[in-house]
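Notes follow once the structure below has been shown.
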Amino acid sequence: MASALLVLAGMYSCNDPFHEISDIPLVEFNSRTYALDADSIVLKVCTPYNLDAPLEIPFTVSGNAENGKDYKLYAQRSITIPAGRNFAYISVKALKYAAGDAKKLTIKLNPGYVYHLGEVSSATVTLNRKEPLNYWFDLSGGNLLSYYDVTVYVSRTGERWSDFSAPAAIKLPVKISDHSTAKLGTDFTIDNNATAFVIPAGGNSAKIRIRTSPGAAINLSNMKFVRLGVDTEAVADRTLTADTRNNYKETTVYIRGEVKLEDFIGHWKHSRSIHASSDDIDDSPLFVSDLLPWHNAGFTIDIAKDEATGDIKFIPAGNGTDLMSLFREATMTFTAPINMHTAGIGSRYVAPTLLNDHTSIEGNTWVNFNVKPQLTYVRLSDANRSFDNNNESLNPMSIALMMSPGSNSTLYLFLRDYDCPPFANLGWSDASFNTYYGFFYVFTK
């Protein structure tokens with residue numbers, strides 16, 4: 001309410017009944033300040049009553065904005081209120097986008113013998129017009145474990161994201177959707193109490209980091225979520241348009257909390273086997289499909305807690321399946337990530353990062369480009385590293401696990417622990433090649 005009163009206090013009516021009608025009219029602007037947020041703006045100069053004859057009012061212009069370079073002023077030295085009217089306009093057009101501190105110009109009405117100057121004899125125009133931009137989120141969402149970085153990207157219309165470089169810092173206010181079920185403070189916090197994504201000068205993206213609130217109630221069967229976007233209505237000096245052609249207007253983060261081994265407990269049924277790219281594999285002479293570990297119909301994993309020892313057990317089943325040649329009953333413990341995926345086709349991640357000593361955020365995982373791949377690495381106490389039931393070689397093995405965002409009913413299992421994979425005629429010698437053509441499996445409860 002206070003801000004509204006301030007605006008009203010700075011405005012003056014062209015038909016103010018309290019102005020005394022006299023032979024010499026009172027002349028003034030109807031506002032002390034104007035903000036040029038769009039392409040152009042008009043300043044209103046008025047008198048309290050309609051004039052019998054035209055009235056020319058000279059003015060002078062000052063300020064750090066340059067006419068012809070920063071703006072165009074259509075009336076150069078004076079303005080005329082025509083007979084029969086009580087107002088006239090001075091038009092100002094922005095010629096370039098504002099960057100950094102906005103420039104200003106002040107128009108001051110000059111004194112005259114045939115009129116009096118009112119209280120508002122000068123007006124200041126701030127050139128706020130900013131370059132219109134597109135914004136988007138490249139991920140539909142993910143699970144909030146210990147923390148989660150939400151990244152927004154910006155670009156000019158018709159240009160590639162990588163070609164944009166902000167001329168000055170750009171603030172994009174954060175919008176928390178009313179449809180969110182998670183509450184700020186109760187369920188999650190935002191680092192530094194950030195209320196905006198801040199694109200740095202020279203940059204083209206920005207992030208905020210959110211964390212699970214201490215004591216937040218976590219329900220894996222019905223996860224709370226926060227839906228985050230950009231509050232375009234709070235940006236008055238720039239047009240912002242969501243680019244949703246291959247991206248997202250907002251992103252959804254599920255409040256999951258730190259992963260525990262107990263979270264994986266359940267009876268998991270093999271759904272499908274996936275590799276990096278069927279085209280790449282099928283077209284390569286290095287691969288023979290029949291030799292790849294894809295034959296897993298009927299394979300299951302029971303993950304259960306041994307009540308006597310408290311250990312979490314990994315119990316495979318499914319005779320005749322490829323994975324049964326690899327997995328054995330084992331004890332599960334957390335372990336450090338290995339053979340992490342670096343950025344690849346379709347991913348904006350430059351390199352994998354660690355959330356903690358056993359959880360990573362990685363580039364291409366070939367699961368779903370629309371969600372953030374957060375993998376938890378687990379050490380199995382025993383696995384058949386020979387991949388040959390007739391020549392069993394039991395040794396520990398590391399795998400990576402990931403739950404779908406907002407769900408505990410879909411489990412992704414990644415094979416990452418391979419010096420040289422014991423299956424297929426792959427002929428791999430380059431470590432990055434091994435990592436790129438990884439295999440993973442989808443399980444459902």
Side-chain angles (χ1 to χ4, degrees), residues 1-99 101-132 232-240:
M1 187 65 182
S3 60
L5 290 174
L6 287 173
V7 172
L8 290 174
M11 299 295 292
Y12 294 85
S13 170
C14 292
N15 295 294
D16 190 340
F18 295 101
H19 277 305
E20 182 181 350
I21 297 178
S22 66
D23 293 336
I24 301 179
L26 191 74
V27 176
E28 61 187 342
F29 288 100
N30 76 322
S31 178
R32 297 182 190 277
T33 59
Y34 295 83
L36 181 47
D37 298 328
D39 289 338
S40 60
I41 195 173
V42 292
L43 286 63
K44 193 173 187 179
V45 178
C46 52
T47 66
Y49 53 84
N50 294 337
L51 300 177
D52 294 331
L55 177 62
E56 182 180 12
I57 308 154
F59 59 79
T60 55
V61 182
S62 61
N64 62 354
E66 184 177 341
N67 190 16
K69 181 178 179 182
D70 299 309
Y71 68 93
K72 180 179 179 180
L73 194 64
Y74 288 94
Q76 294 300 318
R77 296 183 178 85
S78 66
I79 184 175
T80 298
I81 300 177
R85 294 174 62 179
N86 70 330
F87 65 90
Y89 293 118
I90 301 174
S91 295
V92 182
K93 177 181 175 62
L95 296 181
K96 62 189 232 182
Y97 298 117
D101 294 334
K103 293 186 177 182
K104 298 181 180 182
L105 66 136
T106 298
I107 300 176
K108 181 176 177 60
L109 302 178
N110 295 338
Y113 293 104
V114 293
Y115 57 85
H116 294 305
L117 292 179
E119 182 180 349
V120 191
S121 61
S122 66
T124 298
V125 181
T126 302
L127 303 178
N128 288 331
R129 178 175 175 256
K130 301 292 198 312
E131 182 178 22
T232 57
E233 295 182 359
V235 181
D237 58 358
R238 187 192 302 274
T239 300
L240 294 171

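Worth saying up front: this structure is predicted, and the values here are computed from it rather than measured.
- Minimum interatomic distance between V42 and S91 (heavy atoms only, all atoms of both residues): CG1-OG, 3.4 Å.
- Residues V92 and Y34 form no side-chain contact, since every pair of their non-hydrogen atoms from C-beta on lies 4.5 Å or further apart.
- L55 pairs in a side-chain contact (heavy atoms from CB on, under 4.5 Å) with only one of the listed residues (I79, V45, V114), which is V114.
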Step-by-step side-chain hydrogen bond (donor to acceptor under 3.5 Å, both in side chains) determination, T124 to T33: CA-CA 5 Å; T124 298; T33 59; over 6 Å; no
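- The shortest side-chain heavy-atom distance between I57 and I81 falls under the 4.5 Å cut-off.
- One distance of note links CG of L105 with CG of N67; it measures 8.5 Å at 0.5 Å rounding.
- The side-chain hydrogen bond (donor to acceptor under 3.5 Å, both in side chains) check on E66 picks up nothing, with sequence neighbours excluded.
- For A83, the side chain to side chain contact (heavy atoms under 4.5 Å, CB included) partners are P54, not counting sequence neighbours.
- Side chains of L109 and V120 form no contact here, defined as non-hydrogen atoms less than 4.5 Å apart.
- Of all heavy-atom pairs spanning S31 and A123, the tightest one is O-CB, 3.6 Å.
- Atom CG in L73 sits 6.5 Å away from atom CD1 in I90 (nearest 0.5 Å).
- Pairing each heavy atom of T106 with each of S122, the nearest pair is CG2-CB, 4.3 Å.
- Under the 4.5 Å side-chain criterion, counting only non-hydrogen atoms from C-beta, F29 is in contact with I107.
- You'll find the side chain of E119 reaches within 4.5 Å of the side chain of R32, heavy atoms only.
- The side chain to side chain contact (heavy atoms under 4.5 Å, CB included) search around L95 returns K72, not counting sequence neighbours.
- Closest approach of C46 to N30, counting heavy atoms only: SG-CB, 4.3 Å.
- Of all heavy-atom pairs between E56 and Y115, the closest is O-CE2, 3.9 Å.
- In this structure, N86 contributes its side chain and T47 its backbone to a donor-acceptor pair below 3.5 Å.
- Looking at every heavy atom in both residues, Y74 comes nearest to K93 through OH-CD, 3.4 Å.
- Residues V61 and Y71 are in side-chain contact: their nearest non-hydrogen atoms beyond the backbone lie under 4.5 Å apart.
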